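In this text the structure is predicted, and so the values were computed from the model without any measurement. For reference, positions follow the sequence shown, starting with 1.
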Amino acid sequence: MISQFLILSSRGDVIVRRDFLGNVPRTSAEVFFRNCKFWQGTQDEAPPVFAVEGVSYLHMREGGLHLVATTRHNVSPSLVLEFLRRMCAIIRDMCGVLNEEAVRKNFLLVYEVLDEVLDYGVPQNTSTEALKTFVLNEPVEVVAAGLPKMLGLNKGPTGVFKSVLEPQTRGADHKDEIFVDVVERIASTFNSAGFIVSSQVDGSVQIKSYISGNPPIKVKLNDDLVIGKRDNPYGSYESGHTVFLDDCNFHECANLESFDIDRTITLVPPEGEFALLNYRTTGGFKPPFRLHAVMEPDAAMPNKALLELRLWCEVPRDKSASALEVDVPMPRYVQRVHCDARMGGGPDVSEFLERTRTLTWRFKRCGGGQEFCLRARLTLERPYSPSLRSDIGPINLKFTIPAFSVSRLNLKYLQIVKKAQGSKTAPMRWVRYGVSSSSYTFRT
């Protein structure tokens with residue numbers, strides 16, 4: 001089914017190559033990288049699936065690496081992309097982190113995993129717990145300093161850079177730890193008046209356990225949690241409950257006998273990283289940012305226009321957003337953009353990128369409860385007309401909010417039901433929250 005499996009660096013260097021069927025040329029890596037980097041289609045980036053000269057390329061980017069599968073057969077794209085996603089999780093579990101240095105130092109381990117996972121190009125078993133017993137190579141430790149924060153539904157718990165093979169390779173030096181992350185991605189669309197057109201939060205409760213003996217654990221969620229039409233048949237978000245989920249699904253290891261009674265989940269965590277709970281909600285929460293754009297003509301000069309952007313950060317005052325970026329696409333007849341004045345706290349930078357014709361407003365840190373204002377003067381090729389407002393945009397926001405949950409889903413406690421025999425210290429328990437933007441758009 002899969003002819004080749006490749007791992008390429010961000011520069012196009014081939015780090016791992018495994019050819020299973022021999023029906024795809026060895027130049028496939030160069031063909032893929034050239035088409036991916038210089039994509040000529042209507043999109044800015046190459047789609048996850050494309051074909052060149054009868055060869056289908058399916059790929060995903062993770063940790064600065066390109067994971068690629070090639071085939072000449074008519075395969076299910078979703079199946080192969082899910083396999084690539086699981087390969088990312090397996091390599092991260094085995095090596096502790098997924099980046100170029102980790103793959104280069106552990107390439108023997110990666111090849112050993114590939115031989116166990118794929119048989120003549122057909123996926124067999126992608127369970128970290130099952131593969132652990134067949135892997136004989138020991139992982140080479142990679143220093144995690146300088147790595148970017150990993151925050152997203154497809155990424156592991158933030159700050160966790162340990163291999164599942166570490167307990168059996170380090171013996172008594174092993175620390176009992178368990179990491180739980182509640183990660184959410186928000187997608188919202190607002191109309192020109194600032195009202196919500198559509199809004200959705202996709203979340204996941206991800207767990208990575210390094211506890212000897214795999215003792216059972218108990219997780220408790222909000223007491224006022226309401227899930228779907230079973231608990232909320234009329235679909236109203238105005239009741240006294242605070243957390244609404246439209247739907248959710250649990251990992252197969254979750255024991256839900258008492259979930260409907262007291263919202264507790266009992267489980268024996270498997271090896272590696274896994275999602276205990278995936279959920280989705282479309283109501284009952286407040287978007288973290290509001291933005292309003294005002295366009296006015298310059299009374300002194302007909303070929304000038306004044307643009308004012310007002311941004312409100314509506315997260316709690318003890319929280320803050322990082323790496324906030326506001327992108328305002330400009331029409332072709334806007335020649336230059338000069339930012340006159342900025343108001344509000346926090347260091348921010350604004351610039352006009354002529355190549356992409358985009359006004360970009362960046363914040364290193366954006367505190368909750370604050371208001372920001374940017375005024376820009378636009379130079380036009382033709383006299384100002386009211387149609388300029390509709391030609392600008394839509395305005396897109398990109399951001400990350402650590403230690404915050406939009407849906408207000410919380411873990412009330414994380415309990416180790418039974419401590420492993422011979423363990424002298426209590427396991428360390430780490431719980432983190434984070435929100436990032438998937439698509440946050442304001443129409444003008």
Side-chain angles (χ1 to χ4, degrees), residues 2-20 24 26-39 44-50 52 55-71 77 79-118 121 123 126 128 131 135 137 139-165 183 206 208 272-273 436:
I2 295 176
S3 299
Q4 293 175 332
F5 178 84
L6 309 167
I7 298 181
L8 278 67
S9 70
S10 58
R11 304 175 302 278
D13 302 329
V14 179
I15 304 175
V16 173
R17 180 204 301 269
R18 177 67 84 194
D19 196 329
F20 299 98
V24 174
R26 290 186 60 84
T27 58
S28 58
E30 290 79 5
V31 173
F32 162 78
F33 189 74
R34 184 171 61 252
N35 282 271
C36 187
K37 188 173 183 180
F38 305 103
W39 183 251
D44 295 336
E45 298 180 352
V49 181
F50 63 88
V52 178
V55 179
S56 298
Y57 295 86
L58 304 96
H59 68 101
M60 67 179 299
R61 186 177 175 85
E62 185 87 12
L65 300 172
H66 296 277
L67 278 78
V68 188
T70 66
T71 181
L79 172 64
V80 179
L81 292 175
E82 175 65 16
F83 167 74
L84 294 178
R85 187 192 68 81
R86 295 195 182 188
M87 278 301 302
C88 291
I90 292 172
I91 296 174
R92 190 185 302 114
D93 289 339
M94 297 293 182
C95 301
V97 63
L98 177 58
N99 61 11
E100 182 177 348
E101 183 184 3
V103 175
R104 288 189 183 277
K105 288 187 176 181
N106 294 279
F107 73 95
L108 289 177
L109 178 63
V110 175
Y111 275 112
E112 187 178 9
V113 169
L114 276 175
D115 291 339
E116 297 293 341
V117 171
L118 288 169
T126 56
T128 302
L131 292 171
V135 175
N137 281 283
V140 178
E141 183 179 1
V142 175
V143 179
L147 290 175
K149 288 185 178 181
M150 299 187 296
L151 181 61
L153 296 180
N154 295 329
K155 299 178 182 179
T158 37
V160 182
F161 304 106
K162 297 174 64 176
S163 169
V164 296
L165 304 176
V183 292
Q206 298 183 354
K208 201 166 188 178
E273 174 192 334
S436 62

If you measure from CG on Asn99 to OG on Ser10, what distance do you get to the nearest 0.5 Å?
11.0 Å
Using side chain to side chain donor-acceptor pair (under 3.5 Å) as the criterion, list what pairs up with His66, not counting sequence neighbours.
Arg61
Using side chain to side chain contact (heavy atoms under 4.5 Å, CB included) as the criterion, list what pairs up with Leu79, not counting sequence neighbours.
Met1, Ser76
Excluding sequence neighbours, so at least two apart, what forms side chain to side chain contact (heavy atoms under 4.5 Å, CB included) with Pro77?
Val49, Leu58
Between the side chain of Glu112 and the main-chain N/O of Asn137, is any donor-acceptor distance below 3.5 Å?
yes
Partners passing salt bridge (charged side-chain N to carboxylate O under 4.0 Å, His left out) against Arg26 (at least two apart in sequence or in another chain):
none
If every non-hydrogen atom of Val140 is compared with every non-hydrogen atom of Lys105, which pair is closest and at what distance?
CG2-O, 3.6 Å
Can you measure from CD1 (Ile90) to CG (Leu114) and round to the nearest 0.5 angstrom?
9.0 Å
Would you call Leu109 and Pro139 a side-chain contact if the rule is heavy atoms closer than 4.5 Å?
yes
Decide yes or no for Met87 and Val117: does some side-chain heavy atom of the first lie under 4.5 Å from some side-chain heavy atom of the second?
yes
Contacts of Thr126 meeting side chain to side chain donor-acceptor pair (under 3.5 Å) (sequence neighbours excluded), chain-then-number -> Arg86
Set of residues satisfying side chain to side chain donor-acceptor pair (under 3.5 Å) with respect to Arg104, sequence neighbours excluded:
Glu100
Only counting residues at least two apart or in another chain, list the ones meeting salt bridge (charged side-chain N to carboxylate O under 4.0 Å, His left out) with Asp19.
none
Throw together a table of side-chain donor-acceptor distances under 3.5 angstrom for residues 27-36, partners on residues two or more places apart or in other chains.
residue: Ser28; atom: OG; partner: Gln4; partner atom: OE1; Å: 2.5
residue: Ser28; atom: OG; partner: Pro25; partner atom: O; Å: 3.3
residue: Asn35; atom: ND2; partner: Val31; partner atom: O; Å: 2.7

Is the shortest side-chain heavy-atom distance between Ile2 and Thr71 below 4.5 Å?
no
How about Phe50: does its CZ atom have over 12 heavy atoms from other parts shown lying under 6.0 Å from it?
yes
Evaluate the side-chain contact (heavy atoms from CB on, under 4.5 Å) criterion for residues Cys88 and Leu67: first the C-alpha distance (whole Å), next the side-chain angles of each, then the deciding distance (0.1 Å), finally the verdict.
CA-CA 8 Å; Cys88 291; Leu67 278 78; 3.6 Å; yes
Could you pull out the closest heavy-atom pair between Met60 and Leu81, with the gap in Å?
SD-O, 4.3 Å
Taking the side chain as everything from C-beta on, heavy atoms only, tell me whether His59 gets closer than 4.5 Å to Leu8.
no
Here the gap from Tyr111 atom OH to Asn106 atom CG, rounded to the nearest 0.5 Å, amounts to 13.5 Å
With side-chain contact (heavy atoms from CB on, under 4.5 Å) as the test, would you mind laying out the steps for Ile91 and Val113 before giving the verdict?
CA-CA 8 Å; Ile91 296 174; Val113 169; 5.7 Å; no
For Phe5 against Ile7, the heavy-atom pair lying closest together:
CE2-CG1, 3.7 Å
Student check: side-chain heavy atoms of Lys208 and Arg92 closer than 4.5 Å:
yes
Hey, are Arg85 and Glu62 close enough for a salt bridge, meaning a charged N less than 4.0 Å from a carboxylate O?
no
How close do Val97 and Ala102 get, counting heavy atoms only, and between which atoms?
O-CB, 3.4 Å
Could you please spell out the steps behind the side-chain contact (heavy atoms from CB on, under 4.5 Å) verdict for Ser56 and Thr70?
CA-CA 6 Å; Ser56 298; Thr70 66; over 6 Å; no
Please test Leu6 against Val16 for side-chain contact (heavy atoms from CB on, under 4.5 Å), starting from the C-alpha separation and ending with a verdict.
CA-CA 5 Å; Leu6 309 167; Val16 173; over 6 Å; no
What residues form a side chain to side chain donor-acceptor pair (under 3.5 Å) with Ser3, not counting sequence neighbours?
Asn23
